[in-house]
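In what follows, a single structure is set out as structure tokens and then discussed.
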Amino acid sequence: MPRKPDLSIIGKVFNNLRVDNLTDERNSYGQRLYSCTCLLCGKTRKATKQNLQRGEIKDCGNHHQYNDITGQIFGNLQALYVTDKKISAKRRCKVWHCKCLLCGKECDVLYNDLMRGNVQSCGCLKSEKIKQLFVDGTAPCKLDGSKIRSTNTSGTTGVWYDKTRNKWVAEIMFKGKKYYLGRFENKEEAIKKRKEEEERIFGDFLKNIGSDKNGTKNNSRK
């Protein structure tokens with residue numbers, strides 16, 4: 001037999017919540033919910049008697065504790081002020097409005113990301129690092145084919161199996177343009193063609209910019 005709701009807690013204060021009345025709503029365990037008023041801001045929140053007595057719910061949920069980091073610098077970001085933004089109902093981490101000291105742009109960053117160093121700029125730092133990898137639209141450090149996508153079935157960059165025609169396809173990307181090298185009956189032929197084109201195209205390119213395949217520039221170049 002279900003327990004009768006306790007009406008004696010109505011009007012009492014638990015932490016920052018004042019119990020106003022008993023509602024007809026229940027939580028997932030079938031427990032009755034009480035409507036409460038947050039004494040910090042006046043907003044309402046529903047909670048069970050156990051939530052209140054055990055201190056599991058102390059306010060409306062909008063007063064998550066955080067350190068005041070106003071003016072502090074994290075990487076290239078300066079925290080300006082905390083916002084009212086919410087990432088989700090479950091994540092109460094505060095969102096800080098920051099200024100990027102590299103370019104002057106402003107952005108919103110999670111408090112935890114700032115403290116852990118996960119975010120170092122508004123995004124311009126990452127963009128600049130990516131730009132530095134490229135020469136004429138091609139990144140020399142990526143030409144050795146050592147980084148292969150997880151979806152690659154051939155084990156070689158630029159070689160994949162065309163299921164619709166039951167053949168292996170070889171292609172190559174260079175300076176932002178894709179070159180079709182042909183379809184082949186077996187994988188070895190496709191890989192061989194790809195390697196030949198790598199030597200022909202990438203070899204001249206790397207020689208001209210004075211780099212090795214790891215993207216290290218030749219110091220003798222003036």
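For the numbers below, each heavy atom of this structure counts, side chains included, while hydrogens, waters and symmetry mates do not.
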Can you find a heavy atom in the side chain of Leu181 that is under 4.5 Å from one in the side chain of Ile172?
yes
Do Arg183 and Tyr180 have a side chain donor and acceptor closer than 3.5 Å?
yes
Looking at Glu25 and Leu33, would you say the former's side chain and the latter's main chain have a donor-acceptor pair under 3.5 Å?
no
With no hydrogens and no angle check, do the side chains of Glu56 and Asn51 hold a donor and an acceptor under 3.5 Å apart?
yes
Looking at side-chain heavy atoms only, is the closest gap between Tyr111 and Val82 below 4.5 Å?
no
Can you see which heavy atom on Ile57 is nearest to which on Ala47, and at what distance?
CD1-CB, 3.9 Å
Decide yes or no for Cys38 and Leu17: does some side-chain heavy atom of the first lie under 4.5 Å from some side-chain heavy atom of the second?
yes
Minimum heavy-atom distance Cys100-Ser121, with the two atoms named
SG-CB, 4.0 Å
Donor-acceptor pair, Asn27 side chain versus Gln31 backbone, under 3.5 Å?
yes
Testing the basics here: between Cys103 and Cys124, what is the closest heavy-atom pair and its distance to 0.1 Å?
SG-SG, 3.7 Å
Measure the spacing between CZ of Arg54 and NZ of Lys49 and express it to the nearest 0.5 Å.
10.5 Å
For the pair Leu22 and Leu7, evaluate side chain to side chain contact (heavy atoms under 4.5 Å, CB included) and give the outcome as yes or no after the intermediate values.
CA-CA 7 Å; Leu22 177 69; Leu7 301 180; 3.9 Å; yes
Check the pair Lys193, Glu197 against salt bridge (Lys or Arg N to Asp or Glu O under 4.0 Å), reporting the backbone distance first and the verdict last.
CA-CA 6 Å; Lys193 181 63 175 179; Glu197 292 302 308; 3.7 Å; yes
Please report whether the ring centroid of Trp168 lies less than 6.0 Å from that of Phe184.
no
Check whether any side-chain heavy atom of Ile69 sits under 4.5 Å from a side-chain heavy atom of Trp96, and report yes or no.
yes
Going by atom types alone, do Asn16 and Asp59 pair a side-chain donor with an acceptor below 3.5 Å?
no
Glu189 versus Glu185, closest heavy-atom pair with distance:
OE1-N, 3.8 Å
Nearest 0.5 Å please: distance from the OG1 atom of Thr70 over to the CG atom of Leu80.
8.5 Å
Considering non-hydrogen atoms only, spot the tightest contact between Lys105 and Cys122 and give its length.
CB-SG, 4.1 Å
Looking at NZ of Lys167 and OH of Tyr161, how far apart are the two atoms once the value is rounded to the nearest 0.5 Å?
10.5 Å
Looking only at the side chains, is there a donor atom on one of Thr37 and Asp20 sitting less than 3.5 Å from an acceptor on the other?
yes
Looking only at atom types and distance, does a side-chain atom of Arg194 sit under 3.5 Å from a main-chain N or O of Glu171, one as donor and one as acceptor?
yes
Taking atom CG of Asp113 and atom CE of Met115, what is their separation to the nearest 0.5 Å?
11.5 Å
Distance check, rounded to the nearest 0.5 Å: Lys99 atom NZ versus Ile73 atom CD1?
10.5 Å
Quick check: do Leu77 and Leu101 have side-chain heavy atoms less than 4.5 Å from each other?
no
Test your reading of the model: is there a side-chain donor-acceptor pair from Asp6 to the backbone of Ser8, 3.5 Å cut-off?
yes
Go through the steps to decide whether Gln72 and Gln78 satisfy the test side chain to side chain contact (heavy atoms under 4.5 Å, CB included), and finish with yes or no.
CA-CA 6 Å; Gln72 293 185 35; Gln78 183 177 29; over 6 Å; no
Heavy-atom distance under 4.5 Å between the side chains of Arg32 and Thr48, does that happen here?
no
What distance do Lys46 atom NZ and Tyr34 atom OH have between them, rounded to the nearest 0.5 Å?
14.0 Å
Nearest heavy atoms of Leu114 and Phe74, plus distance in Å:
O-CD2, 3.4 Å
Side-chain touch Leu52/Lys58, heavy atoms, less than 4.5 angstrom:
no
List the steps, then state whether side chain to side chain contact (heavy atoms under 4.5 Å, CB included) holds for Phe14 with Gln53.
CA-CA 7 Å; Phe14 297 86; Gln53 291 180 330; 3.9 Å; yes
